[in-house]
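Counting starts at 1 for both ligands and their atoms, in listed order.
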Amino acid sequence: MKVDVLLGLQWGDEGKGKVVDVLTPKYDVVARFQGGPNAGHTLEFEGQKYVLRSIPSGIFQGDKVNIIGNGVVLDPALFKAEAEALEASGHPLKERLHISKKAHLILPTHRILDAAYEAAKGDAKVGTTGKGIGPTYTDKVSRNGVRVGDILHNFEQKYGAAKARHEQILKSLNYEYDLTELEKAWMEGIEYLKQFHFVDSEHEVNNYLKDGKSVLCEGAQGTMLDIDFGSYPFVTSSNTVCAGACTGLGVAPNRIGEVFGIFKAYCTRVGAGPFPTELFDETGDKMCTLGHEFGSVTGRKRRCGWIDLVALKYSVMINGVTKLIMMKSDVLDTFDTIKACVAYKVDGEEIDYFPYDITEGVEPVYAELPGWKTDMTKMQSEDEFPEDFNAYLTFLEEQLGVEIKIVSVGPDRAQTIERYTEE
Ligand code: GDP
Ligand code: IMO
Ligand code: MG
């Protein structure tokens, strides 16, 4: 069997959680492979809304196994809050949620370091989610991290050593902080975590594949936030791209099957950093209002703009996308005209490839298409799509060279339309 991967092609919040939930019935296992509680994946069904941060979005569909892979960074305190809320709402998960022993722990001092580094950057700050993501991955790479498996062996000593090192750094930064509450909640989180299955997820996943079971990998963040290929340094600290599923779960590259690339019909970004198609006018405000573009974790207003096909083409290339999924098309239902960035003008010269640096002097070149001016939120099949909407889809497919297989017309699980179903 192969492993299918679903990941974001823009700057995150494309709607990954919703689609993973929709696709889960077709799979036996759902696994997260990178990121941590910086993610906020929203699912809506039967009038209920859930936001998941560390727990995979396959948790609501039947008794599927959900795995937190080795590439993920886990905050026990936030995990406890998330898991307890799910259990309280009638979704038991202790038996179905497996956690890799090799996943790294976000320590309370990692969160404080995140805040301290951001403060030290001043105007150049990244606008992180403040969850300690960067410092935790930094410790992993510099071989100083504490892993989930360490909870079972010599934990006090490992935790103490990491904490002491962090405190030295915070002292050198003259950063004032109070660890008491954070540390108390974190230790409670560690105790809570012990009830879960700690696994060697690379063995588990490969055994599933050997037994003919299907696995869906759920990406967090988006390709434009990837540590290598995103708009560096305004990125997260993990590989959000398809290759991250290999290292974040222990899956060999030749095991990757479908790569689902998910994007919004327009574009958003939260936090600082370049965004060539960003709108600062009432069109951008309209997207924000109609799309409820506020962060699912931080509540921060998301910056909005037109779809950027230069960046999307780059994402399709880096990830080897085999199927595209377009979200939030309903947000554009009332627009007279839809714009799509097809090239960048850099120093007066038009380019159609994603350049090394998009920080300054990048001007979008737009194609304009007529809006479809139809409420699509209750549509059930592609036969109902308005002509101008089909024209938009065809235009995007021609530009990106990959078929759009799923269109989402609203936040609910039911508002999802598969295309070319004869396949
Ligand atoms: P994720 O991080 O990629 O899972 O995305 P988020 O959950 O952070 O953000 C997506 C937001 O859009 C959530 O509030 C979803 O409920 C909502 N959403 C998802 N698909 C659609 C859609 O097709 N239309 C509308 N209007 N909202 C959607
Ligand atoms: P999901 O999975 C959108 C952004 C932050 C910041 C940068 C670095 O819900 O799509 P970090 O805390 O990771 O060090 O922040 O990345 N960011 C996200 N933006 N969606 C996310 O996740 C994000 N996770 C991180 O806003 O700009
Ligand atoms: Mg999100």
Test item, K131 contacting ligand 2 (heavy atom, 4.0 angstrom): no
Hey, are E87 and K80 close enough for a salt bridge, meaning a charged N less than 4.0 Å from a carboxylate O? no
Which atoms of ligand 1 have any heavy atom of K18 under 4.0 Å away? 20 (N)
Contact check, H292 vs ligand 1, heavy-atom distance below 4.0 Å: no
For atom 4 (O) of ligand 1, what is the nearest protein heavy atom, given as residue, atom name and distance? G17 N, 2.9 Å
Nearest neighbour in protein (non-hydrogen) for atom 10 (C) of ligand 1: D13 O, 3.7 Å
Salt bridge flag under 4.0 Å for residues R32 and E218: no
Can an N or O of D114 be found at a distance shorter than 3.5 Å from an N or O of ligand 2? no
Mark the output for R269 as yes if a heavy-atom distance to ligand 2 is under 4.0 Å, and as no if none is. no
For atom 23 (O) of ligand 1, what is the nearest protein heavy atom, given as residue, atom name and distance? S408 OG, 2.5 Å
Salt-bridge test for K26 and E418: reply yes if a basic N is under 4.0 Å from a carboxylate O, no otherwise. yes
So the atoms of ligand 1 within less than 4.0 Å of a heavy atom of M327 turn out to be 20 (N)
Using heavy atoms and a threshold below 4.0 Å, how should the contact between V409 and ligand 1 be classified: side chain, backbone, both, or neither? backbone
Measuring from the heavy atoms of R302, does anything fall under 4.0 Å of ligand 2? no
Taking K163 first and then E183, would you say they form a salt bridge - that is, a charged N and a carboxylate O separated by under 4.0 Å? yes
Using non-hydrogen atoms of the residue, decide whether G40 is closer than 4.0 angstrom to ligand 2. yes
To the nearest 0.5 Å, atom CZ of F263 lies from atom CD1 of I307 at 5.0 Å
Residues 283-291, side-chain donor-acceptor partners within the protein, below 3.5 Å, at least two apart:
unit_1 : atom_1 : unit_2 : atom_2 : d
K286   : NZ     : T334   : OG1    : 3.4
T289   : OG1    : D285   : O      : 2.8

If you count every heavy atom of other residues, nucleotides or ligands that lies below 6.0 Å from D63 atom CG, does the total exceed 12? no
Pick from K264, H41, K328: the one approaching atom 11 (C) of ligand 1 most closely through a non-hydrogen atom: K328
With heavy atoms and a 4.0 Å threshold, my read on which part of E44 contacts ligand 1 is side chain
Check ligand 2 against G127 and write out every atom of the ligand that is under 4.0 Å from a heavy-atom position of the residue. 5 (C), 6 (C), 26 (O), 27 (O)
Could you tell me whether R302 approaches ligand 1 through its side chain, its backbone, both or neither, with non-hydrogen atoms closer than 4.0 Å? side chain
Looking only at protein heavy atoms, what sits closest to atom 2 (O) of ligand 1 is G40 O, 2.9 Å
What residue and heavy atom of the protein are closest to atom 15 (C) of ligand 1, and at what distance? T42 CB, 3.9 Å
Assess whether a salt bridge exists between K131 and D75, defined as any Lys/Arg side-chain N lying under 4.0 Å from an Asp/Glu carboxylate O. no
Please work out, at 4.0 Å between heavy atoms, whether the side chain, the backbone, both, or neither of K16 comes within that distance of ligand 1. both
K345 NZ: over 12 foreign heavy atoms closer than 6.0 Å: no
Going by the 4.0 angstrom heavy-atom rule, the piece of D330 near ligand 1 is side chain
Could you check whether any heavy atom of W11 sits closer than 4.0 Å to an atom of ligand 2, since that is the contact criterion I want to use? yes
With heavy-atom distances below 4.0 Å as the criterion, list the atoms of ligand 1 near G410. 20 (N), 21 (C), 22 (C), 23 (O), 24 (N), 25 (C)
Element-labelled atoms of ligand 2 that are located less than 4.0 Å from some non-hydrogen atom of G271: 27 (O)
Tally every protein N/O/S atom whose distance to the Mg ion (ligand 3) is less than 2.8 Å; waters are neither shown nor counted. 2
Inspect the surroundings of NZ in K171 and state if more than 12 heavy atoms from other residues, nucleotides or ligands are less than 6.0 Å away. no
